[in-house]
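Count residues from 1 along the sequence. None of the values given here were measured: they were computed from a predicted structure. Just the heavy atoms: all of them, side chains too, but no hydrogens, waters or symmetry mates, feed the values below.
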Amino acid sequence: MTSTPQMIYKLMILYFLDSVNFPLSNAVISDYILDKGYTDYFTIQKALSELCEDELIESETSHKSTCYKLTDDGKQTLDCFHYELSPAIKNEIKEYLKEHFNTIIEMLSISSDYTRMRNNEYLVTMKITERDTLITEVKITVSSEEAARACCQGWEKNSSDIYSFVVKKLM
C-alpha cells in the first residue's frame, strides 16, 4: 500500500491522540505539525475534519477552542496502519509530548465556557480539573455576551488566585 501525505497526517494525529489519555486541543496538534514543517494549517484542519467525519476522532468545542479525542474506531485504524508512520515520527511525537506535557496539562486543567440562557442572560461555567477529577466549578449568570467573555478571560488568568481566596475564606 502506498501512503499519501494526507494519510500520514491523519495517522500522525491518531498517534498523537493515542499517546495521551486526555483530549488534545487543535492548537497543540497543529503547533506540533506546523513546528516540524510537515504541512500547512489548512491541510491539518482538513485532516482533522475528515477524521471527525469518519468517526475516528471526536471533537468538543467551547467558545475558545476545540479538543479532540480518539474513538475506538480510531484506535483500531491506528492499530492496523501504525507501521505507515516511521519510528522517527513516532519518537518526535513522544518527545514533543514529553517536552510540552506540563504546558498541555495546564491548558486543559483550567477551562471556561458560556451559554446563552435568555436575551440578556448568559451562564458562565468555569472549572479547574486535575486529570479527570473536578477540583472546583463556579457558575455565574451575567447580563451580556461581552461580560461572559470577560469572565472566561479573567478565569484563565486568575483561577488559582480565585480558588485560593475562596478556600481561605471558607476555612
> By side-chain contact (heavy atoms from CB on, under 4.5 Å), which residues pair with E145, not counting sequence neighbours?
Replying inline: Y114, Y122, R149
>> Please find the pair of heavy atoms, one from A47 and one from K10, that lie closest to each other, and give the distance.
In response: CB-CG, 4.0 Å
> How long is the gap from SG on C80 to NZ on K75, to the nearest 0.5 Å?
Replying inline: 10.5 Å
> Are any non-hydrogen side-chain atoms of Y15 and M12 less than 4.5 angstrom apart?
Replying inline: no
> With S59, which residues qualify under side-chain hydrogen bond (donor to acceptor under 3.5 Å, both in side chains), at least two apart?
Replying inline: none
> If you round to the nearest 0.5 Å, how far is CD1 of I57 from CG of L51?
Replying inline: 4.5 Å
>> Which residues pass the side-chain contact (heavy atoms from CB on, under 4.5 Å) test with D54, not counting sequence neighbours?
In response: L56
>> For E156 versus I110, what's the shortest heavy-atom pair and its separation?
In response: OE1-O, 3.6 Å
>> Does either side chain, that of Q45 or that of S30, offer a donor lying less than 3.5 Å from an acceptor on the other one?
In response: yes
> Are more than 12 heavy atoms from other residues, nucleotides or ligands located less than 6.0 Å from atom CD of E55?
Replying inline: no
> Is M117 reachable from V142 through a run of hydrophobic residues whose side-chain heavy atoms are each under 4.5 Å from the next?
Replying inline: no
> T125: what forms a side-chain contact (heavy atoms from CB on, under 4.5 Å) with it, not counting sequence neighbours?
Replying inline: L123, K127, E137, K139
> Just how far is it from atom CD1 of I44 to atom OG of S49, taken to the nearest 0.5 Å?
Replying inline: 13.5 Å
>> Is there a side chain to side chain contact (heavy atoms under 4.5 Å, CB included) between D73 and Q76? Walk through the geometry before answering.
In response: CA-CA 5 Å; D73 287 347; Q76 288 176 351; 3.8 Å; yes
> Can you list the residues that meet the side-chain contact (heavy atoms from CB on, under 4.5 Å) rule with S86, with sequence neighbours excluded?
Replying inline: A88, I89
>> As an exercise, state the distance from CG of N21 to CG of L70, rounded to the nearest 0.5 Å.
In response: 12.0 Å
> Rounded to the nearest 0.5 Å, how far apart are CD of E92 and OH of Y32?
Replying inline: 4.0 Å
> Any side-chain heavy-atom pair from F16 and Y96 closer than 4.5 angstrom?
Replying inline: yes
> What pair of heavy atoms forms the shortest contact from I13 to I29, and how long is it?
Replying inline: CG1-CG2, 3.9 Å
> Sub-3.5 Å donor-acceptor pair from the side chain of K90 to the main-chain atoms of H82, do we have one?
Replying inline: yes
> Do I140 and C151 come close enough that some side-chain heavy atom pair is under 4.5 Å?
Replying inline: yes
> In Å and rounded to the nearest 0.5 Å, what is the CG to CG distance from L85 to L11?
Replying inline: 5.0 Å
Using distance only, find each side-chain donor-acceptor pair of residues 158-166 under 3.5 Å and give its atom names and separation, not counting sequence neighbours.
residue	atom	partner	partner atom	Å
N158	ND2	G154	O	3.1
S159	OG	W155	O	3.4
S164	OG	S160	O	2.9

> Taking everything shown except D72 itself, do over 12 heavy atoms lie less than 6.0 Å from its CG?
Replying inline: no
> With a 4.5 Å heavy-atom cut-off, do E60 and K69 have their side chains touching?
Replying inline: no
